[in-house]
Amino acid sequence: MGRMTHVLTALAWPYANGPRHIGHVAGFGVPADVFARYMRMRGHQVLMVSGTDEHGTPILVQADAEGLTAGEAASKYNRIIVEDLDALGLSYDLFTRTTTGNHYKTVQDLFTTLYDNGYILEKKTPGAISPSTGRTLPDRYIEGTCPHCAFTSARGDQCDNCGRQLDPTDLIDPKSRINGETPKFVEEDHFFLDLPAFADALNAWLDTRTGWRTNVVRFTKNLLEDLQPRPISRDLDWGVPIPLPGWAERPDKRLYVWFDAVIGYLSASIEWARRSGDAEAWRRWWSDPEAVSYYFMGKDNIVFHSEIWPAMLLGNNGEGTAGGEPGSLGRLELPTEVVSSEFLTMEGRQFSSSRRVVIYVRDFLERYSADALRYYICAAGPETQDSDFTWTEFMRRNNDELVAGWGNLVNRSVAMAAKNFGRIPEAGELEEIDRELLTATREAFDTVGELIGANKIRAAIGETMKTVAAANKYLADTVPWKLKEDPKRQGTVLHTVLQAVNDLKTIMSPFLPHSSQRVYELLGGEGVFAPMPRIEEVDDLDGGGAIEGTYPILTGDYSQTPKWESTPIRSGTPLEKPVPIFTKLDPSIVDEEIERLNS
RNA sequence: GGCGGUGUAGCUCAGUGGUAGAGCAAACGACUCAUAAUCGUUGUGUCGCCGGUUCGAUCCCGGCCAUCGCUACCA
């Protein structure tokens with residue numbers, strides 16, 4: 001990817017049935033933002049999109065629990081999620097929602113094309129519905145006695161006691177977990193996506209993919225060995241209506257939430273384009289074979305991104321066994337890479353809102369800085385295997401690495417120069433040791449950049465921290481605080497280390513944009529260095545969706561993004577005694593936080 | 001049951017067909033510009049167990065044990 005190109009950065013859609021926890025943003029939010037920011041700095045045209053996923057049964061359940069309508073509950077959590085992602089500094093071009101009129105229309109357009117091309121089957125299927133509401137009752141919302149082990153709280157999909165997979169009709173005395181009533185098992189008419197029609201095309205596509213994480217490739221190959229038609233409609237009154245005569249009017253039939261949610265990548269791109277004033281601009285990321293697309297998600301979402309969404313795109317293009325023609329959206333490109341992370345656990349346990357093993361993004365950011373969280377996720381996140389978040393480790397990484405390593409380097413360099421010169425001193429003739437440091441920081445642009453481009457974020461920030469250590473060592477070796485008798489040499493050393501700091505803040509900026517902005521300002525920079533998203537309150541463009549009133553989107557102007565390259569500092573720039581950019585944490589926070597978890 | 005991950009120094013993890021590394025913790029030293037922050041020196045490991053391939057395996061293959069996750073109507 002040497003020359004400028006269009007890079008779609010697609011992030012998994014957070015489900016709007018509650019606030020999101022740090023595991024969610026560790027899985028897709030921060031890694032994708034690092035990637036997107038870096039790609040912009042390399043001069044690529046990045047489009048970073050996502051939104052909240054707002055349909056489906058869990059939203060209805062949450063809404064009922066709070067005495068809200070589904071729309072009200074979705075709007076409530078949409079807003080919370082938007083604010084949290086904004087606070088983290090995730091640089092979305094558009095973060096929207098699946099309840100917009102634009103999304104409904106896009107979903108229906110794609111459904112229609114798939115239908116017209118012959119990739120949607122209609123057939124009867126057994127299912128459970130709630131007699132009082134007429135809504136589909138997902139298997140996991142049915143509980144009863146396990147026929148194998150007599151466990152009385154077995155779920156319709158699986159018995160938590162003996163671990164056996166179940167069919168809800170196997171359960172003895174089945175009850176709805178939502179309201180206790182006995183579910184009605186019925187034959188329902190539903191639509192299915194004909195996945196087997198894409199088996200060959202999907203395998204051929206997968207064979208051309210390179211650079212994917214091995215776990216994703218293996219998992220996907222496995223999936224493709226056994227493709228079955230997958231239902232894409234439900235008996236629900238909350239979702240996108242099915243755009244067919246005799247179906248669109250029915251209040252009890254909707255498209256299945258996963259079907260509409262994955263189309264969000266496309267609808268959000270279209271919404272972004274329309275809001276940008278060039279309604280066709282999205283095609284540069286979707287219809288150009290030279291464009292690339294990276295999808296970021298947790299491992300539980302691989303199936304949708306490496307199997308189902310590509311299948312839907314192939315169907316749109318008429319590239320399955322039934323043939324067909326691209327529909328109203330034109331031909332659409334399949335994902336370049338599916339970048340899946342593993343899971344973050346919490347003090348050894350899986351995150352679980354219901355069991356209150358959880359740290360919400362909001363709570364975290366009330367007490368600690370966004371960059372402290374971003375650093376932890378970058379350095380120790382679940383990139384290729386599950387990783388465990390512990391407060392002890394968070395504190396250690398924050399204090400020993402972020403504060404004592406990078407923060408202290410910035411602070412001591414700027415403080416020394418400010419005290420001795422009051423400005424960035426001039427560099428005299430460079431010695432070997434000076435040139436070595438400057439070479440190391442310049443080379444870090446290449447090594448770190450290559451790692452970010454390959455989505456090896458842990459290694460990338462580790463490489464950056466090695467360069468930070470080299471700069472600290474440089475100060476230990478050159479001892480500028482002892483050079484008061486030789487101001488020329490002292491100025492040269494301080495100039496050199498400040499140059500290194502200046503470049504390091506550029507390299508750090510995809511990972512730690514907030515603090516890089518502050519280092520930029522410490523060194524006399526004005527205006528925006530690391531651009532941040534902003535929340536805008538907007539009207540739905542179309543109506544026809546489920547949104548009432550305005551809604552918040554996350555967007556931003558990232559056109560002033562700095563270049564990924566060494567930039568010379570200017571001698572003579574005034575410097576003041578710096579305020580530390582990071583906060584050292586007291587060990588007592590560990591007990592406090594664990595106490596909070598247990599309370 | 002099926003699929004997959006993991007098992008390497010006290011801790012967290014990286015890594016390679018030629019008998020192993022980083023950070024932290026520990027000890028000692030240097031330094032004092034800096035949020036007591038930095039820099040240097042010093043250990044330790046039958047690289048889960050058993051077998052196979054190989055001149056040689058921690059890294060390849062098979063089996064086993066332990067542990068974790070996924071298993072599609074769940075978003």
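Please read all numbers here as calculations on a predicted model, not as lab measurements. The figures that follow rest on heavy atoms only: side chains count, while hydrogens, waters and symmetry mates do not. Within every chain, numbering begins at 1; the chains are lettered A, B, ... in the order of the sequence lines, protein sequences first and strands thereafter.
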Sub-4.0 Å heavy-atom contacts from residues 14-27 of chain A onto RNA chain B, ordered by number: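 Going residue by residue through residues 14-27 of chain A, the ones with a heavy atom under 4.0 Å of RNA chain B turn out to be A:Y15.
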
For [N] and [M], measure between their [atom1] atoms and round to the nearest Å.
{"N": "B:rG7", "M": "B:rU35", "atom1": "C1'", "answer": "39 Å"}
{"N": "B:rC47", "M": "B:rU8", "atom1": "P", "answer": "11 Å"}
{"N": "B:rU32", "M": "B:rG17", "atom1": "C1'", "answer": "49 Å"}
{"N": "B:rG18", "M": "B:rC55", "atom1": "C1'", "answer": "10 Å"}
{"N": "B:rG4", "M": "B:rA26", "atom1": "P", "answer": "43 Å"}
{"N": "B:rC28", "M": "B:rU46", "atom1": "C1'", "answer": "30 Å"}

Can you run through RNA chain B from 5' to 3' and write each base as (, ), [, ], | or . depending on how it pairs? Watson-Crick or G-U wobble, both distances under 3.5 Å. (((((((..((((.......)))).(((((.......))))).....(((((.......))))))))))))....

Are [X] and [Y] close enough that a side-chain donor and a side-chain acceptor fall under 3.5 Å?
{"X": "A:Y375", "Y": "A:W406", "value": "no"}
{"X": "A:D434", "Y": "A:H495", "value": "no"}
{"X": "A:N455", "Y": "A:R213", "value": "no"}
{"X": "A:S75", "Y": "A:R97", "value": "yes"}
{"X": "A:T345", "Y": "A:D386", "value": "no"}

Per the salt bridge (Lys or Arg N to Asp or Glu O under 4.0 Å) rule, what does the pair list look like for residues 183-198 of chain A, sequence neighbours excluded? A:K124-A:D189

Separation of atom CG in A:N411 from atom C1' in B:rA34, rounded to whole Å: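 About 6 Å, once rounded to whole Å.
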
Round to the nearest Å and state the distance from A:E393 atom CD to B:rA25 atom P. 11 Å

Any salt bridge between A:K253 and A:D237, counting N to O under 4.0 Å?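 Result for this pair is no, no salt bridge flagged.
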
Residues A:E521, A:R518: salt bridge by 4.0 Å N-O rule: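 Salt bridge between A:E521 and A:R518, a charged N being under 4.0 Å from a carboxylate O: no.
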
Non-neighbouring partners of A:D486 that pass side-chain contact (heavy atoms from CB on, under 4.5 Å), sequence neighbours left out: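 Checked A:D486 against side-chain contact (heavy atoms from CB on, under 4.5 Å); matches are A:K488, A:R489.
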
What residues, two or more places apart in sequence or in another chain, satisfy side-chain contact (heavy atoms from CB on, under 4.5 Å) together with A:A418? A:L575

If you look at every heavy atom in A:N17 and A:Y77, which pair is closest and at what distance? C-CD1, 3.8 Å

Which pair of heavy atoms, one from A:L60 and one from A:A70, lies closest together, and at what distance?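 Looks like CD2-CB, 3.7 Å.
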
Applying a 4.0 Å non-hydrogen cut-off, can you work out what [X] is touching in the nucleic acid: base, sugar-phosphate, or nothing?
{"X": "A:L585", "answer": "nothing"}
{"X": "A:E401", "answer": "sugar-phosphate"}
{"X": "A:R234", "answer": "sugar-phosphate"}

Using a cut-off of 4.0 Å between protein heavy atoms and nucleotide atoms, how would you tag nucleotides 6-11 of chain B 5' to 3' with B, S and -? S-----

Would you say a side-chain N or O of A:K299 is under 4.0 Å from OP1 or OP2 of B:rG5?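 Checking B:rG5 against A:K299, no side-chain N or O comes under 4.0 Å of OP1 or OP2.
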
Looking at A:N408, I'd like to know whether one of its side-chain N or O atoms comes within less than 4.0 Å of OP1 or OP2 on B:rU35.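 For A:N408, the contact criterion (side-chain N or O under 4.0 Å from OP1 or OP2 of B:rU35) is not met.
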
